[in-house]
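Working notes, structure below.
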Amino acid sequence: MRARVAILALLLAGCQAPRATLQVQPMATLSAPVIPAAKPVPAPHDVVVTLEPGVQTATLLADPAAKGLTLLGSVQLAGRTLLKLGVPAADSVQDTASRLAALATVERAAPDKAIVPLGYSFTKQDPDFALQWAHDPLHADTTDAWTSVSASQQSKIIVAVLDTGLDVTHPEFAGRVVGQQSFTGGGTPGTDVTDTDGHGTHVTGIIGAAGDNGIGVAGVAWGVKLMPVKVIGGLSTSFDAIAGLLYAIRYRPNPDDGSRVRVVNMSFGVPSAGVDANFTDAIAEAHQDGIVVVSAAGNDGRDVVESPANTPNVVAVGATANYLGWESLATFSDFGPRLDLVAPGTDIESTFPMSGAQAGSQYGLDSGTSMASPFVAGVTALVMAKYDPTNQSTTAAFADKVRTRLLAACDDLGTLGWDPIYGAGRINAARAVAPSTIDATP
């Protein structure tokens, strides 16, 4: 096994570009494409026609009943030809289907229909949801998890995002941003969390972009409250990050509200730092308060998990990629003995700022363990909401149970059991919230 890991490490490391020498840096690749926001997809204006056995496509298209129809697609199915035919905008799709179904050359004809993910149905379909491959039941399966944990159940959970800030004006976060704070102003905290980089807004969208709102994308836990803590901007240091972490841990809103920070996401790294004692102490405090801290493993493709993900009591997350439906470790993802689990982290569609570095895009793709970590943070929030509905289990023991549940619910992608490439496996949101109690077997 050690030889296999060493060989894989060399292969993965050879795919990496040189890493920027920042003291604290976001863990995302810098060359991922950015795409504009998609417009809502209209209902299909097509018919699907099954020809009688032996009938040729040209025969149907030559029939006067098919006048004006456009051939959009053709496949062979069960010894018959299946056609997709575009209907002129002025014509009724249903009337066209009925007219074709009456032909002797046609076995059946019916209007084409849009498909939606099974397990969860949006009333206002988010138009970019189709680009979010990680939500699919064949991957991390958040769509089925949403049937177990509603957005209203999530509303008392605050997820703190230590990153480059957040575009708090983005409509995907409306009404759910709390406690914003910046620690990049030379040691003086402030409330300006403007995200001029785009990284923090993208990470936050993966966690909690609003779902079922008819725009953009859906986050993993789209009912939670979101706390942007800006710790990266200019020459940021681990001190800034620790200061931000302590702020999030100790944040106490109106006690009558019942909400509090239960999850912290840290999609940044401190290269070559080893295990940092300050992060260890700060994260130990979080652990004692029942807070689960999730962190990106690193993007060097090495068998070394970076700080702060290598810290005790942190859920260290590597990234997977989707290669034509086959999910495996992303070439850039760090791995090794300290890795806990993996999550989708390649070509992840999420939010971008509406101004600044990604001006005008609002949505786009990015890749990195930075994108995998918030996916796990979102699932962690779902677990918290499901098994602590009153939001009062703020103990280390409960945090340990949440961590155990996350690992036990993974889909094993590597050798049987834990392995240094995938850890416990790829996170599975639906399995994580399926049992009736947190102590039950997923």
Side-chain angles (χ1 to χ4, degrees), residues 117-121 134-160 207-208 211 218-225 249 255 257-265 283-284 286-294 312-317 340-343 373-413 416-418 422-442:
L118 295 177
Y120 192 86
S121 297
H135 286 316
D136 190 273
L138 296 178
H139 296 287
D141 198 6
T142 51
T143 54
D144 286 324
W146 294 334
T147 64
S148 298
V149 189
S150 68
S152 61
Q153 286 176 280
Q154 303 167 34
S155 62
K156 292 185 185 299
I157 304 297
I158 300 175
V159 180
I207 296 170
V220 175
W222 43 272
V224 298
K225 293 182 173 67
I249 295 168
D257 178 62
S259 60
R260 59 178 296 169
V261 173
R262 301 301 304 277
V263 185
V264 175
N265 184 79
I283 292 165
H287 180 245
Q288 288 301 313
D289 284 347
I291 298 170
V292 175
V293 179
V294 184
N313 297 311
V314 171
V315 179
V317 185
D340 287 308
L341 74 170
V342 294
S373 180
F375 203 97
V376 173
V379 176
T380 304
L382 294 179
V383 172
M384 289 279 191
K386 171 71 181 285
Y387 299 108
D388 184 20
T390 63
N391 207 32
Q392 298 297 313
S393 297
T394 53
T395 64
F398 187 77
D400 289 338
K401 288 184 177 183
V402 172
R403 181 194 183 100
T404 299
R405 165 52 52 82
L406 294 173
L407 301 182
C410 286
D411 293 322
D412 197 341
L413 298 184
L416 186 62
W418 183 92
Y422 296 101
R426 190 252 293 112
I427 190 74
N428 185 307
R431 291 184 65 197
V433 296
S436 56
T437 67
I438 195 167
D439 296 312
T441 303

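Please read all numbers here as calculations on a predicted model, not as lab measurements.
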Scan side-chain atoms only and decide if Asn391 and Arg262 contain a donor-acceptor pair under the 3.5 Å cut-off. yes

Nearest heavy-atom approach of Ala218 to Gly211 is CB-CA, 3.9 Å

CD1 (Ile438) and CE (Met384) are apart, to the nearest 0.5 Å, by 8.0 Å

Where Lys386 and Val433 come nearest, the two heavy atoms and their spacing: NZ-O, 2.5 Å

Examine distances only and state if a side-chain atom of Lys225 and a backbone atom of Val159 form a donor-acceptor pair shorter than 3.5 Å. no

Atom pairs and distances, side-chain donor-acceptor, residues 286-293, under 3.5 Å, sequence neighbours left out:
unit_1: His287; atom_1: NE2; unit_2: Asp400; atom_2: OD1; d: 2.7

Please enumerate all residues that pass side-chain hydrogen bond (donor to acceptor under 3.5 Å, both in side chains) together with Arg405, with sequence neighbours excluded. Tyr387

Minimal non-hydrogen separation, Pro435 against Ala440, with atom names: CB-CB, 3.6 Å

Do the charged groups of Asp411 and Arg431 touch, with an N to O distance under 4.0 Å? yes

If the test is side-chain contact (heavy atoms from CB on, under 4.5 Å), which one of Asn428, Asp340, Val379 qualifies with Leu406? Val379

Closest heavy-atom pair, Ala432 versus Val383, reported as atoms and distance to 0.1 Å, is CB-CG2, 3.9 Å

Can you measure from OG1 (Thr404) to CG (Asp439) and round to the nearest 0.5 angstrom? 9.5 Å

Any side-chain heavy atom of Val317 within less than 4.5 Å of one from Leu341? yes

Heavy-atom pair with the smallest gap, counting every atom of Val261 and Val264: CG1-CG2, 4.0 Å

Between Pro312 and Ile283 the two heavy atoms that sit nearest each other are O-CG2, 3.5 Å

Qualifying residues under side-chain hydrogen bond (donor to acceptor under 3.5 Å, both in side chains), relative to Thr380, sequence neighbours excluded: none

Is Gln154 reaching over with its side chain to a backbone N or O of Trp222, donor-acceptor style, under 3.5 angstrom? yes

